[in-house]
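Take a look at the structure set out below.
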Protein chains: 2
Amino acid sequence: MKILKPSPEIKARHLQSLEIFSDLDKTEILMLSEKASMRFWDKSEFLFRRDEAAEKLEILVEGTATVYSILNDGSQKVIHIVSPVTTVGEAACFLGRPFPANCQMTTDGATLCIPRNSLLEFSQQYPDISWKLIGGLYSRLREFKNTVENHSNKSAVSRLATYIIGEARHGKEFILPAKKNQVANFLGLRPESFSRAISQLSSDGAVEFDGNIVTVIDIHRLESFLFPE
Amino acid sequence: MKILKPSPEIKARHLQSLEIFSDLDKTEILMLSEKASMRFWDKSEFLFRRDEAAEKLEILVEGTATVYSILNDGSQKVIHIVSPVTTVGEAACFLGRPFPANCQMTTDGATLCIPRNSLLEFSQQYPDISWKLIGGLYSRLREFKNTVENHSNKSAVSRLATYIIGEARHGKEFILPAKKNQVANFLGLRPESFSRAISQLSSDGAVEFDGNIVTVIDIHRLESFLFPE
DNA sequence: CGAGGGATTGATCAAGCTCAACGACAGTGG
DNA sequence: CCACTGTCGTTGAGCTTGATCAATCCCTCG
């Protein structure tokens with residue numbers, strides 16, 4: 001991991017695209033970005049580990065990362081697949097709690113890093129930041145709710161279908177945000193089952209898989225898989 | 001559902017026990033409780049329904065309720081089993097979003113009800129309330145994380161074991177917060193499988209089930225079920 | 001007493017897991 | 001340039017687990 005200090009403008013552009021800072025105007029964003037350093041990560045480095053103190057806020061701006069826990073049988077469970085531009089572990093950072101899970105890069109990438117102190121200063125000056133934080137937490141909560149619901153959708157195919165529909169919301173095509181391996185884990189499936197679910201969906205003409213590129217061919221057919229039986 | 005206005009003192013006692021209002025002193029709590037009405041519910045009444053506007057904050061003070069979603073196949077998934085004294089749907093209420101799920105009483109019970117306006121007024125006067133809210137959301141998020149992890153613990157017995165260990169944290173004994181039916185659903189199990197898991201754990205001498213009363217007999221034996229195999 | 005809901009038990013079935021083998025591909029080093 | 005290696009994805013075969021279906025039991029309550 002290397003730390004660099006590129007121009008504030010570059011950093012500001014990333015910060016601007018974050019919902020949580022959307023109430024700050026340009027000069028304020030620039031002030032904040034003064035405090036931010038940019039970090040470049042190699043694949044499989046840890047952004048943070050479980051139980052570490054959350055002394056800074058990392059904002060993923062390039063590459064992908066996964067957030068995962070280690071279960072009691074030693075296996076790992078992918079909780080979240082992170083794509084840019086997103087804050088990671090922001091709640092723990094604001095609250096000063098230790099991180100509840102691990103976060104590891106799955107590709108090379110880069111983050112913006114803001115020290116917790118600067119963050120708290122800013123949120124005191126701009127109380128709306130904490131409302132944005134609440135909003136963000138709330139969406140994350142709803143995501144988790146969806147995950148739980150999806151996991152209790154027993155059929156592997158329907159789990160995959162709901163996932164695809166969710167990801168493809170903005171367009172007919174998207175790129176799997178991680179190795180199929182990881183996506184399978186995120187969906188609570190073994191790689192083999194995931195693979196079979198894929199071939200079922202694509203042999204049915206609902207979607208097309210080309211490597212990590214997923215194309216929705218027939219949305220109605222895809223939706224029909226949501227109803228088991 | 002009946003609305004009553006008991007003495008502010010009675011209401012205040014309930015409000016006091018909520019983490020979210022723990023920064024308010026007695027006179028402030030009393031002011032808040034002036035705004036609160038007390039509602040008495042019959043079994044299976046709805047505290048709120050999915051997509052309803054969250055115009056008030058309900059605080060369960062007696063009885064139990066479940067929060068659940070309706071899945072696309074028509075079945076229901078229990079997201080949360082609520083016991084007193086707890087706020088329900090507080091995030092939606094603060095943010096003014098519609099409720100993301102249904103909440104229904106599973107017994108007769110009572111709630112304190114605070115209009116959204118009064119709540120927002122108070123949180124403006126006492127900004128720490130929003131930090132408490134964030135803290136509460138954060139714990140809920142961690143709960144969900146645990147649920148997701150638990151659901152990917154494939155074995156029914158280990159799922160039940162982790163649940164029991166979690167519930168019995170404060171003492172060797174606890175009461176199932178709902179019908180076994182509902183608890184099974186919450187754990188992502190069919191009632192039959194749940195029942196079999198129970199008999200496996202109790203025939204192994206790890207726990208004892210007497211109706212809805214669960215007693216942990218041998219914590220180590222119980223923990224040994226966490227490791228599949 | 002009978003009715004109805006919940007819980008349990010038994011028998012069968014199917015979906016996904018496991019294990020194993022194989023193919024595709026990238027990176028490495030001779 | 002070509003073996004060698006390791007990772008990832010796919011495919012096949014058999015097995016295990018929980019779901020399903022059905023019957024029974026046990027309460028509570030009218």
Side-chain angles (χ1 to χ4, degrees), chain A residues 42-44 64 66 71 73-78 104 106-108 150-161 163 175-203 208-214 225 227-229, chain B residues 42-44 64 66 71 73-78 81 104 106-108 150-161 163 175-203 207-214 225 227-229:
Chain A
D42 290 336
K43 176 179 165 166
S44 81
T64 62
T66 57
L71 303 184
D73 67 343
S75 67
Q76 67 179 48
K77 168 70 193 175
V78 175
Q104 196 174 9
T106 52
T107 65
D108 295 352
N150 201 18
H151 273 55
S152 61
N153 246 6
K154 61 173 180 320
S155 152
V157 186
S158 62
R159 254 185 260 190
L160 178 57
Y163 176 73
I175 299 175
L176 286 183
K179 295 261 159 65
K180 290 183 180 176
N181 224 341
Q182 305 278 307
V183 181
N185 184 312
F186 175 68
L187 291 177
L189 296 172
R190 297 279 132 182
E192 298 94 325
S193 306
F194 183 70
S195 178
R196 286 185 241 268
I198 285 179
S199 45
Q200 194 168 339
L201 282 187
S202 44
S203 76
E208 221 174 67
F209 277 79
D210 179 20
N212 273 13
I213 302 175
V214 185
F225 283 98
F227 298 80
E229 170 263 7
Chain B
D42 290 335
K43 176 178 166 169
S44 80
T64 63
T66 57
L71 303 184
D73 67 343
S75 67
Q76 68 178 48
K77 169 70 192 176
V78 175
I81 298 176
Q104 194 174 11
T106 52
T107 64
D108 295 352
N150 201 19
H151 273 55
S152 61
N153 248 6
K154 59 174 181 319
S155 150
V157 186
S158 61
R159 252 185 262 189
L160 178 57
Y163 175 73
I175 298 176
L176 286 184
K179 293 261 158 66
K180 291 183 179 175
N181 223 342
Q182 305 279 307
V183 180
N185 185 314
F186 176 68
L187 291 177
L189 296 172
R190 297 279 133 182
E192 298 93 325
S193 307
F194 183 71
S195 177
R196 287 185 240 268
I198 285 179
S199 44
Q200 194 168 338
L201 282 188
S202 45
S203 77
V207 297
E208 220 174 68
F209 277 79
D210 178 20
N212 274 14
I213 302 174
V214 185
F225 283 98
F227 298 81
E229 171 269 3

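Order of the sequence lines fixes the chain letters, A, B, ..., with proteins taken first and strands second; residue numbering starts at 1 for each chain.
A:Phe225 is not listed as a side-chain neighbour of A:Leu160, based on a closest heavy-atom distance of 4.5 Å or more. With contacts defined as side-chain heavy-atom distances shorter than 4.5 Å, the pair A:Thr66/A:Phe186 does not qualify.
When the side-chain contact (heavy atoms from CB on, under 4.5 Å) test is applied to B:Glu192, the partners found at least two apart in sequence or on another chain are B:Arg190, B:Arg196. Every residue two or more places apart in sequence or in another chain that forms a side-chain hydrogen bond (donor to acceptor under 3.5 Å, both in side chains) with B:Lys77 is listed here: B:His151. Annotation: side-chain hydrogen bond (donor to acceptor under 3.5 Å, both in side chains) contacts of A:Thr106 (sequence neighbours excluded): A:Thr64. Residues forming a side-chain contact (heavy atoms from CB on, under 4.5 Å) with B:Ala156 (at least two apart in sequence, or on another chain): B:Leu189. Residues satisfying the side-chain hydrogen bond (donor to acceptor under 3.5 Å, both in side chains) criterion with A:Ser75, sequence neighbours excluded, are A:Asp73. Residues satisfying the side-chain contact (heavy atoms from CB on, under 4.5 Å) test with A:Lys180, not counting sequence neighbours, are A:Leu176, A:Phe194, A:Ile198, A:Asn212. In this structure, the side-chain contact (heavy atoms from CB on, under 4.5 Å) partners of A:Glu208, at least two apart in sequence or on a different chain, are A:Thr215, A:Ile217. Applying the side-chain hydrogen bond (donor to acceptor under 3.5 Å, both in side chains) criterion to B:Ser195, with sequence neighbours excluded, gives no partner residue.
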### Message
I need a per-nucleotide contact map over nucleotides 9-24 of chain D, read 5' to 3'. Cutoff is protein heavy atoms under 4.0 Å; write B for the base, S for backbone only, - otherwise.
### Response
SSBBB----SSBB---
Which pairs, protein N/O on one side and nucleotides 22-27 of chain C N/O on the other, fall under 3.5 Å?
none

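B:Asp210 has its CG atom 11 Å from the P atom of C:dT8, to the nearest Å. Atom NE2 of B:His151 is separated from atom P of C:dG16 by 16 Å (rounded to the nearest Å).
With the end axes of the helix from C:dC1-D:dG30 to C:dG30-D:dC1 each set by five pairs, the angle from one to the other reads 30° at 10° resolution.
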